[in-house]
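The residues of the chain are indexed from 1 along the displayed sequence.
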Amino acid sequence: PYDEAERVRVARAFAHRPVWLAASTHSGEEEAVIDAHVQARRALPMLALILAPRHPVRGDGLAEMLRDRGLIVAQRSKGEPIGADTDVYLADTLGEMGLWYRVASVSFIGGSLAEVGGHNPFEPALLGSAILHGPHVRNFQDAYARLTAAGAAVEVRGGEELGRVLGTTLAPDRAAEMAAAAWAACSEGAEVTDTVLAATGRAPRTAGLGLTEVGVALGDNGAVQVDADYRSSVAHIHAVGDVIDRVPLTPVALAEAMVV
């Protein structure tokens with residue numbers, strides 16, 4: 001989910017600086033991300049990073065770590081503004097990933113350098129972001145393989161390689177080429193159904209999701225069901241994300257669940 005006025009405000013705050021995103025990062029990954037950022041900044045001294053940890057509760061600890069590395073940090077949860085000298089915008093809030101994917105031209109998807117199994121790549125793919133990821137993507141192996149084959153995603157194995165690949169991917173022509181390939185790979189052959197939040201599509205039954213209280217459930221036939229009354233809530237958006245992380249929806253079903 002995102003607010004267009006907020007997207008414009010954030011984009012203006014970054015002015016004409018190149019911006020990349022490290023999304024849904026886990027403990028141990030941020031150090032590699034910062035190594036990559038420092039490396040890439042040697043060639044792009046105005047480069048800014050949006051760091052959106054998977055668990056925003058880690059925000060204060062991450063802010064301390066970043067400042068210990070000598071970086072200038074603005075922490076969103078504390079209302080700190082983005083300045084001309086901000087190195088890292090710490091997006092330690094819930095329900096705003098759609099905003100960050102729209103601001104950044106390149107996104108590293110976390111949970112993939114740490115052995116978490118990766119997170120879904122379709123949301124950034126459908127929102128115009130080139131995709132970088134680590135080797136641990138078993139949860140979405142086919143999706144990443146499809147994006148890689150299309151020239152939309154690149155695998156990296158650590159901070160040094162991430163920094164090197166980041167430097168080339170941030171070139172506007174390269175980022176645009178990868179983003180276009182990502183969109184094509186996700187939308188090819190797909191049928192768009194009723195609404196952006198109609199998370200349709202077949203899926204194996206998964207018990208014990210515990211999501212009915214926020215309007216998401218799996219029906220008896222294995223279809224993902226979304227209660228319209230909950231569509232605007234942050235809790236619902238994250239519940240949909242949890243379903244996506246556990247159930248192999250089709251690309252269009254996933255896009256419809258997440259792109260709001």
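- More than 12 heavy atoms of other residues, nucleotides or ligands sit less than 6.0 Å from atom CG of Asp68.
- Checking side-chain atoms of Glu29 against main-chain N and O of Ser112 turns up a donor-acceptor pair under 3.5 Å.
- Residues Val154 and Val137 are members of separate hydrophobic clusters, defined by side-chain heavy-atom contacts under 4.5 angstrom among Ile, Leu, Val, Met, Phe, Trp and Tyr.
- Annotation: the span from Leu132 atom CG to Leu162 atom CG amounts to 6.0 Å, rounded to 0.5 Å.
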Full working for side chain to side chain contact (heavy atoms under 4.5 Å, CB included) between Glu177 and Asp173: CA-CA 6 Å; Glu177 179 184 21; Asp173 289 350; over 6 Å; no
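- When side chains are defined from C-beta on, Pro18 does not count as touching Phe14, because their heavy atoms never get closer than 4.5 Å.
- With rounding to the nearest 0.5 angstrom, the OG atom of Ser107 is 6.0 Å from the OH atom of Tyr101.
- By the 4.0 Å N-to-carboxylate-O rule, Glu30 lies too far from Arg54 to be salt-bridged with it.
- Residues Leu47 and His37 have side chains in contact (heavy-atom distance under 4.5 Å, counting atoms from C-beta outward).
- Arg7 has its side chain within reach of Val103: a pair of non-hydrogen atoms, C-beta onward, lies under 4.5 Å apart.
- Closest heavy-atom contact between Thr93 and Pro56: O-CG, 3.5 Å.
- One finds the CE atom of Met46 at 10.0 Å from the CG atom of Asp87 (value rounded to the nearest 0.5 Å).
- For Ser24 against Met97, the heavy-atom pair with the smallest separation is OG-CE, 3.8 Å.
- What you find for Met178 and Ile131 is that their closest heavy atoms are CE-O, 3.8 Å.
- Under the 3.5 Å distance criterion, the side-chain polar atoms of Arg157 are left unmatched by any main-chain donor or acceptor of Pro135.
- Smallest separation of non-hydrogen atoms from Ala114 and His26: CB-CB, 4.5 Å.
- Taking the charged nitrogens against the carboxylate oxygens, Asp92 and Lys78 have no contact shorter than 4.0 Å, which rules out a salt bridge.
- Within the structure, the ring-ring contact (aromatic ring centres under 6.0 Å, His included) test picks out the following pairs touching residues 69-89 (sequence neighbours left out): Tyr89-Trp100.
- Looking at Arg9 and Asp3, no side-chain N of the basic residue comes within less than 4.0 Å of a carboxylate O on the acidic one, giving no salt bridge.
- Criterion: ILVMFWY side-chain heavy atoms under 4.5 Å apart, direct or through other members. Under it, Val106 and Val88 are part of a common hydrophobic cluster.
- Among the candidates Leu44, Leu51, Val33, the single residue satisfying the side chain to side chain contact (heavy atoms under 4.5 Å, CB included) test with Trp20 is Val33.
- Summarising the geometry of Ala130 relative to Ala175, their closest heavy-atom pair is CB-O, 4.1 Å, with the distance given to 0.1 Å.
- Ionic pairing of Arg69 and Glu31 is not present here: no N-O contact between side-chain nitrogen and carboxylate oxygen is shorter than 4.0 angstrom.
- The pair Glu4-Arg102 does not count as a salt bridge, with every side-chain nitrogen at least 4.0 angstrom from each carboxylate oxygen.
- With salt bridges taken as basic N to acidic carboxylate O contacts below 4.0 Å, one links Arg67 and Glu80.
- Residues Val38 and Met65 fall within the same hydrophobic cluster, defined by Ile, Leu, Val, Met, Phe, Trp and Tyr side chains chained together at heavy-atom separations under 4.5 Å.
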Quick one, Val19 with Ser105, criterion side chain to side chain contact (heavy atoms under 4.5 Å, CB included). Give me CA distance, side-chain angles, the key distance, then yes/no. CA-CA 7 Å; Val19 180; Ser105 61; over 6 Å; no
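- Rounded to the nearest 0.5 Å, atoms CD (Glu155) and CG (Leu113) are 9.5 Å apart.
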Using the rule given for salt bridge (charged side-chain N to carboxylate O under 4.0 Å, His left out), can you reason through Glu6 versus Arg76, listing the C-alpha separation, both sets of side-chain angles and the distance that settles it, and then say yes or no? CA-CA 13 Å; Glu6 183 64 5; Arg76 186 166 178 84; 2.9 Å; yes
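- In this structure, Phe122 CZ and Trp183 CH2 are separated by 12.5 Å, a value rounded to the nearest 0.5 Å.
- No chain of hydrophobic side-chain contacts below 4.5 Å, direct or via other Ile, Leu, Val, Met, Phe, Trp or Tyr residues, connects Leu21 to Val165.
- Note on Ile82 and Ile34: separate hydrophobic clusters, where clusters join Ile, Leu, Val, Met, Phe, Trp and Tyr whose side-chain heavy atoms are under 4.5 Å apart, directly or indirectly.
- Aromatic ring centres of His133 and His119: separated by at least 6.0 Å.
- Here the CG atom belonging to Leu62 is positioned 6.5 Å from the OG1 atom belonging to Thr25, to the nearest 0.5 angstrom.
- Between Thr86 and Pro81, the closest heavy-atom pair is OG1-O, 4.2 Å.
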